[in-house]
Amino acid sequence: MSLGNQSLVTAFFIVGFPGLQPEFYGLVSAVLLFVYICILMGNVLILALFVTDRDLHKPMYFVILNLVVSDILFSTTTLPKIIARYWFQAGAISFTGCFVQMYFVHYFGSVNAFILFIMALDRYVSICFPLRYPLIIKNSTIHILCATAWITSKACPLMMVIRAYPLPYCSSKQIVQCYCDHISITTLACTDRTPYSLPAFVFAMVVLLGPLAFIILSYCSIILAVIKIATTQERFKTLSTCSSQIIIIALYFLPRCFIYLSSNIGIVFSPDVRIVIIMLYSLLPPMINPLIYCFKTKDIKQSLMKRFKHSTAPKKENVFFSKVSLCLCQ
């Protein structure tokens, strides 16, 4: 069957937004390129700060580091092709290349969900068991948990690709999406996709709702622990340590839950609106997260300010020495 389908379909075409008029292709490609550059610059900045500042080599920041790497890789997997589609009308993608992209789209999405689970675990132990935190959450513990997340996330996307690849694709070649994913590919198969879509749906629910259930329980426990704190100021200070994580988790999970729930309760979106929502929850968090790290995370903010002051200090010294030299010459 694998040979048969490849003889009929050797490539797919990524449509992107089906209702978009050609006169807006340049604008859309420019916006997507701007988003991609922002994602790269912001996340590379966080990587550079982490590499050069040993004060950031703490468990929570190792978790953030893994999320940064996953965000960069996901964006690099999805954005260059859709930018090329609108900028150069190069929307074609090979049969195998589409499945490779599909694998990495679901793989990095799974990694992100488990990394956010680890982030919530870190905050839970930090606030609910502060005295035990240094003993339970060490750098080595986070390394093991993050490595487990990266390794175990491979299984389900690989299963999805293995099951979808041999299907007979003999109808339309158009991927009505900005990148290849399981739904957009399998809907093109010339066979009943129910036996293939159901396991994929179960996988999505496990990856999405499993970490989310623990995250909700952990933050409920955190709230109960904070209520027991005596003063309002101490409560606010404790909750502020979780604010950046809550924003990041909400940006990732809430839009995804909305899409899955809306499709099951009968809310129907046009293809363009659905794709816009998917692109927003796929690309907005990688672009916004670096700003959250810089403005809502104390250590990263201090590290950034320290680098900024260090970069401006030599200029002041040069001005001073130039004035001294001028006085001596006179």
Side-chain angles (χ1 to χ4, degrees), residues 58-68 70-71 74 106-133 136-137 141-142 144-150 152-153 155-157 200-229 232 234-267 277-278 280-286 288-289 291-293 295-297:
K58 300 175 182 177
M60 183 176 69
Y61 299 111
F62 277 110
V63 178
I64 290 176
L65 177 67
N66 280 269
L67 193 60
V68 164
S70 180
D71 284 343
F74 178 85
H106 294 292
Y107 173 58
F108 293 129
S110 303
V111 170
N112 272 16
F114 290 121
I115 294 298
L116 293 175
F117 162 83
I118 297 170
M119 184 181 288
L121 175 65
D122 174 84
R123 290 298 86 197
Y124 169 73
V125 177
S126 174
I127 293 174
C128 296
F129 305 98
L131 299 179
R132 298 183 186 177
Y133 179 81
I136 299 174
I137 304 295
T141 307
I142 294 299
I144 293 171
L145 290 174
C146 289
T148 303
W150 284 90
T152 55
S153 296
C156 288
F201 177 77
V202 172
F203 153 71
M205 289 298 98
V206 169
V207 171
L208 184 66
L209 298 182
L212 182 60
F214 174 83
I215 289 169
I216 292 173
L217 289 174
S218 66
Y219 278 101
C220 287
S221 300
I222 288 172
I223 291 171
L224 292 175
V226 169
I227 291 173
K228 298 177 182 178
I229 297 175
T232 304
E234 289 177 347
R235 291 175 186 172
F236 179 78
K237 183 178 179 181
T238 303
L239 283 176
S240 66
T241 64
C242 300
S243 59
S244 59
Q245 287 87 351
I246 292 173
I247 296 171
I248 293 168
I249 289 167
L251 284 173
Y252 180 85
F253 282 104
L254 291 183
R256 285 171 168 81
C257 291
F258 174 72
I259 284 292
Y260 282 115
L261 288 174
S262 63
S263 61
N264 283 282
I265 63 176
I267 300 176
I277 296 173
I278 292 172
L280 282 175
Y281 74 59
S282 298
L283 301 176
L284 189 61
I288 298 298
N289 285 351
L291 295 176
I292 297 172
Y293 303 147
F295 293 108
K296 300 292 291 182
T297 308

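Given the structure is predicted, the values throughout are model-derived calculations rather than measurements. Just so it is clear, the values below take in all heavy atoms, side chains as well, and ignore hydrogens, waters and symmetry mates.
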Less than 4.5 Å apart, any side-chain heavy atom of [X] and any of [Y]?
X	Y	result
Met119	Ile215	no
Thr141	Ile136	no
Val206	Phe203	no
Leu145	Phe117	no
Asn112	Tyr252	yes
Ser110	Pro157	yes
Trp150	Ser70	yes

Output, in order, the C-alpha distance, side-chain angles, deciding distance and verdict of side-chain contact (heavy atoms from CB on, under 4.5 Å) for Asn289 and Val68. CA-CA 8 Å; Asn289 285 351; Val68 164; over 6 Å; no
[atom2] on [Y] to [atom1] on [X], rounded to 0.5 Å:
X	Y	atom1	atom2	result
Asp71	Ile64	CG	CD1	11.0 Å
Ile142	Lys58	CD1	NZ	14.0 Å
Cys128	Tyr133	SG	OH	12.5 Å
Leu251	Leu116	CG	CG	10.0 Å
Cys146	Phe114	SG	CZ	12.5 Å
Arg123	Ile246	CZ	CD1	10.5 Å

Centroid-to-centroid, Tyr124 to Phe129, below 6.0 Å? yes
If the condition is side-chain contact (heavy atoms from CB on, under 4.5 Å), which residues does Leu217 pass it with, not counting sequence neighbours?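 For Leu217 there are no side-chain contact (heavy atoms from CB on, under 4.5 Å) partners, ignoring immediate neighbours.
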Closest heavy-atom pair and its distance - [X], [Y]:
X	Y	value
Thr148	Ile144	OG1-O, 2.7 Å
Pro59	Asp122	CB-OD1, 4.1 Å
Ile127	Pro130	O-CD, 3.5 Å

Does Ile247 form a side-chain contact (heavy atoms from CB on, under 4.5 Å) with Ile288? I'd like the steps, not just the answer. CA-CA 10 Å; Ile247 296 171; Ile288 298 298; 5.7 Å; no
Given 3.5 Å as the limit, does a donor-acceptor pair link the side chain of Ser282 with the main chain of Ile278, or not?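 Checked: pair present.
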Walk me through whether Ile222 and Tyr219 qualify under side-chain contact (heavy atoms from CB on, under 4.5 Å). CA-CA 5 Å; Ile222 288 172; Tyr219 278 101; 3.8 Å; yes
So Ile118 and Asn66, side-chain contact (heavy atoms from CB on, under 4.5 Å) or not? Walk me through it. CA-CA 10 Å; Ile118 297 170; Asn66 280 269; over 6 Å; no
